[in-house]
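Remarks on the structure that follows.
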Amino acid sequence: MTKILTSDFYNRNPLLVAPDLLGKILVRNFDGKIISGRIVETEAYLAFNDEASHSFVGKTERNKSLFGKPGTAYVHSIHMQNCIDVVTEGVNIPSSVLIRALEPLEAIEIMKSLRGKENLKDLTTGPGKLCKALAITKGFNGYDLTKLGDLYIIDDNYSVSEKDIIKVKRIGISKATENEYRFYLKDSQFISKK
DNA sequence: TGATTGATGAGCT
DNA sequence: GCTCATCAATCAG
């Protein structure tokens, strides 16, 4: 049985949600066509005492989605690309889980055309890449991922054993790098970095 | 295969 | 102006 992850799933500490999201499927309804990929890499960003989190500086126009309800998308641009986070915990608790990499499942041809790349391993192996491959734009900032819409995350009962989840330090950031808040599937060929 | 570097834009101070 | 949770092209070995 396949079901959409609800707000209950996200309404927990990001350090619990991040590993649980591994193996789940991110689904994009793009002009009636379904594009999907299995989540193979995530990072947790805490609400408090986490200098690398966008919420560390307080609530601003840019990060206000982080303060919304669990299961809300926080799409932001860094350099010329977009990244997507899922808000966790409660309202006004600005923690999130960054989706860093996917394993392409459906509509791979559409991803190739959106990315302008042919190599399967170049499609979704990075937060900026996967947003482009799934046509996730800043229009999805604040989007509710817990209902059947244009963007949501489902559980198809794909089982991930605990030993296949690797926990390491986060990457690509300059602050609070010592915390081991990055999670990925051990044998996936689609993580953004070894 | 690994390391280096340039391009790119939005939002904060 | 400066930061930033990047990507991909390039070059050396």
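What's counted below: heavy atoms across the whole structure, side chains too, no hydrogens, waters or symmetry copies. Here is the naming used below: chain letters follow the sequence lines, and residue numbers restart at 1 for every chain.
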### Contact under 4.0 Å: A:Lys175 side-chain N or O vs C:dA5 OP1/OP2
no

### Task
Tell me which residues in residues 87-113 of chain A put a heavy atom below 4.0 Å from DNA chain C, sorted by number, or none.
A:Leu98

### Query
A:Ile84 CD1 to C:dA5 C1': how many Å, rounded?
14 Å

### Query
Between A:Leu98 and A:Ile84, which heavy-atom pair has the shortest distance, and what is it?
CD1-O, 3.5 Å

Table of protein N/O atoms under 3.5 Å from nucleotides 5-11 of chain B N/O atoms:
from, atom 1, to, atom 2, distance (Å)
B:dG9, N2, A:His79, N, 3.0
B:dG9, N3, A:His79, O, 3.3
B:dG11, OP1, A:Lys138, NZ, 2.8

### Query
How would you label the contact of A:Asp85 with the nucleic acid (heavy atoms, under 4.0 Å): base, sugar-phosphate, or nothing?
base

### Query
NZ of A:Lys117 versus P of C:dC7: gap in Å, rounded?
12 Å

### Query
Rounded to the nearest Å, what distance is computed from the CD atom of residue A:Glu41 to the P atom of nucleotide C:dA5?
15 Å

### Task
Go ahead and name the base partner of C:dA5; Watson-Crick or wobble counts if both distances stay under 3.5 Å, otherwise write none.
none

### Comparing A:Lys129 and A:Gly172 on DNA chain C - which has the more 5′ nearest nucleotide
A:Gly172

#### Entry: Qualifying residue, where the test is side-chain contact (heavy atoms from CB on, under 4.5 Å) with A:His76 and the options are A:Asp85, A:Asn63, A:Leu66
A:Asp85

## Note on the structure
Residues A:Ser65 and A:Asn141: closest non-hydrogen pair is OG-OD1, 2.8 Å

### Message
Give me the atom names and distance for the closest heavy-atom approach of A:Arg182 to A:Ser192.
### Response
NH2-OG, 4.0 Å

### Query
What is the distance, rounded to the nearest whole Å, between atom CZ of A:Phe56 and atom P of B:dT13?
12 Å

### Task
Measure from CG on A:Leu46 to P on C:dA5 and round the result to the nearest Å.
14 Å

#### Entry: Value rounded to 0.5 Å, distance of CG in A:Leu21 from CD in A:Glu43
13.0 Å

### Query
Between C:dA5 atom C1' and A:Tyr74 atom OH, what is the distance in whole Å?
9 Å

### Residue pair A:Thr124 / A:Ala133: nearest heavy atoms and the distance that separates them
CG2-CB, 3.8 Å

### Task
Take atom CD1 of A:Ile171 and atom C1' of C:dC7, then tell me their distance rounded to the nearest Å.
12 Å

### Summary
A:Leu66 atom CG is separated from C:dA5 atom C1', nearest whole Å, by 12 Å

### N/O (side chain, A:Lys169) to phosphate O (OP1/OP2, C:dA5) under 4.0 Å
no

### Task
Compare all side-chain heavy atoms of A:Phe48 with those of A:Ile93 and state whether any distance is below 4.5 angstrom.
yes

#### Entry: Stacked cation flag A:Arg170 on A:Tyr45, 6.0 angstrom / 45 deg
yes

### Minimal non-hydrogen separation, A:Glu41 against A:Ile171, with atom names
OE2-CD1, 4.5 Å

#### Entry: Pair assignment for C:dT10, Watson-Crick or G-U wobble, requiring both distances under 3.5 Å
B:dA3

### For A:Leu145 against A:Ile4, the heavy-atom pair lying closest together
O-CG2, 3.9 Å

### Task
Pick base, sugar-phosphate or nothing for A:Lys132, based on heavy-atom distances below 4.0 Å to the nucleic acid.
nothing

